[in-house]
> 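Would you mind keeping the following structure in view while I ask a few things?
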Amino acid sequence: MNNDHIISIENVTKRFKDGEGEFTALDNINLTFEKGEFAAFIGPSGSGKTTLLNIIGSLDSPTEGSALVMGKDIAHLNHKESALLRNKHIGFIFQVYNLLPVYTVFENVEFALLLQDYTAEQRKKMVMDALDWVGLADIPNKKPSKLSGGQGQRVAIARAMVKRPEILIADEPTANLDAENAHGILKTMKQLNKELQTTFLFATHDEKVMAYMDRIVHLQDGRIKENEIINRKEVKS
Ligand code: ADP
Ligand code: MG
């Protein structure tokens, strides 16, 4: 593995059982990502975007091939090791942001830290920093039912970012947002990408999302159709 590659996918194939036979969702994918990329997988529904993000996020493993994430091969991690990788290094944002309704904004973000050895004081600082990043530091005590869709997705971003993961995976994060809110959260994510050098990987259908990307990987029928570099990553010295 080249040490510059935070993610290195080699000959990854993923098959699912399909009745008597098998369905090939990913067909011999080869790809690498460097630290700090801001990239999206696009392609029609069923092209394999979510399957690929799930493998990179170590929520699923390849049938064949290797997927090295932070130097660890997803295919060979046991349950505990993959949980550890996710816990420390990977944040997730989904289309449905799944906030816990009885908890406040603050508590929803703090939740991501509770299984770790932070003191209450450390957690408070980390949560308030994360809420500050997404522009919600003034409403930590609100309940999710009082938030707009855009604010709800911002809480989900704060929850995913609070541990400062190296990799942030966002599967259709703007699907339930209007245009204004979609642009708002994309600007926020791009800024976090720049400031913290977090590697962002999206799956999307949304043209608004594509407009922010430095790189777009086009998938079709589980294969890479095109690997489009739009902006070369600025190398921070
Ligand atoms: P996308 O996110 O691009 O819409 P997916 O990665 O979700 O596509 O799915 C790719 C293909 O794999 C689809 O045809 C889907 O039905 C199939 N697939 C995904 N997950 C499973 C699963 N757990 N079992 C069986 N088939 C699956
Ligand atoms: Mg999908």
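In what follows, residues are counted from 1 in the order of the sequence shown. Just so you know, ligand 1 is whichever comes first in the structure, and atom 1 is the first atom listed for that ligand.
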> Return yes or no for this condition: an N or O of Gly46 is under 3.5 Å from an N or O of ligand 1.
yes

> Any protein heavy atom at under 4.0 Å, with atom 3 (O) of ligand 1 as the reference point?
yes

> Between ligand 1 and Lys17, is the shortest N or O to N or O distance under 3.5 Å?
no

> Keeping Lys35 on the side-chain end and Thr199 on the backbone end, is there a donor-acceptor pair under 3.5 Å?
no

> Would you kindly confirm whether Leu77 and Ile90 end up in one hydrophobic cluster when ILVMFWY residues are joined by side chain heavy atoms under 4.5 Å apart?
yes

> Looking at atom 7 (O) of ligand 1, what's its closest protein heavy atom, distance included?
Thr50 CB, 3.6 Å

> When you measure from atom 11 (C) of ligand 1 to every protein heavy atom, which one gives the shortest distance, and what is it?
Phe23 CE2, 3.5 Å

> Backbone or side chain, does Ser45 get an N/O/S atom under 2.8 Å to the Mg ion (ligand 2)?
no

> Salt-bridged, Asp178 to Lys208, with N to O below 4.0 Å?
no

> Within the distance-only criterion (no hydrogens, no angle test), does the side chain of Lys49 pair as donor or acceptor with the backbone N or O of Pro44 below 3.5 angstrom?
yes

> In the protein, what heavy atom is nearest to atom 23 (N) of ligand 1, and what distance, to one decimal place, separates them?
Phe16 CE2, 3.5 Å

> I need the atoms of ligand 1 closer than 4.0 Å to a non-hydrogen atom of Pro44, numbered in the order shown.
3 (O)

> Name the one of Ile42, Ile29, Asp27 that satisfies side-chain contact (heavy atoms from CB on, under 4.5 Å) with Leu219?
Ile29

> Does this structure show an ion pair linking Glu81 with Lys72, if we count only N-O contacts that are shorter than 4.0 Å?
no

> Okay, side chain of Asn108, backbone of Tyr103: is any donor-acceptor separation there less than 3.5 Å?
yes

> Just to confirm, does any protein heavy atom lie below 4.0 Å from atom 27 (C) of ligand 1?
yes

> Which of the atoms in ligand 1, numbered in the order shown and given with their element, are less than 4.0 Å from a heavy-atom of Ser45?
4 (O)

> Out of Arg86, Lys14, Arg15, which residue meets the salt bridge (charged side-chain N to carboxylate O under 4.0 Å, His left out) rule with Asp60?
Lys14

> Would you mind checking which non-hydrogen protein atom is closest to atom 5 (P) of ligand 1, with the distance to 0.1 Å?
Thr51 OG1, 3.6 Å

> Would Ala203 count as a contact of ligand 1 if the rule is a heavy atom under 4.0 Å away?
no

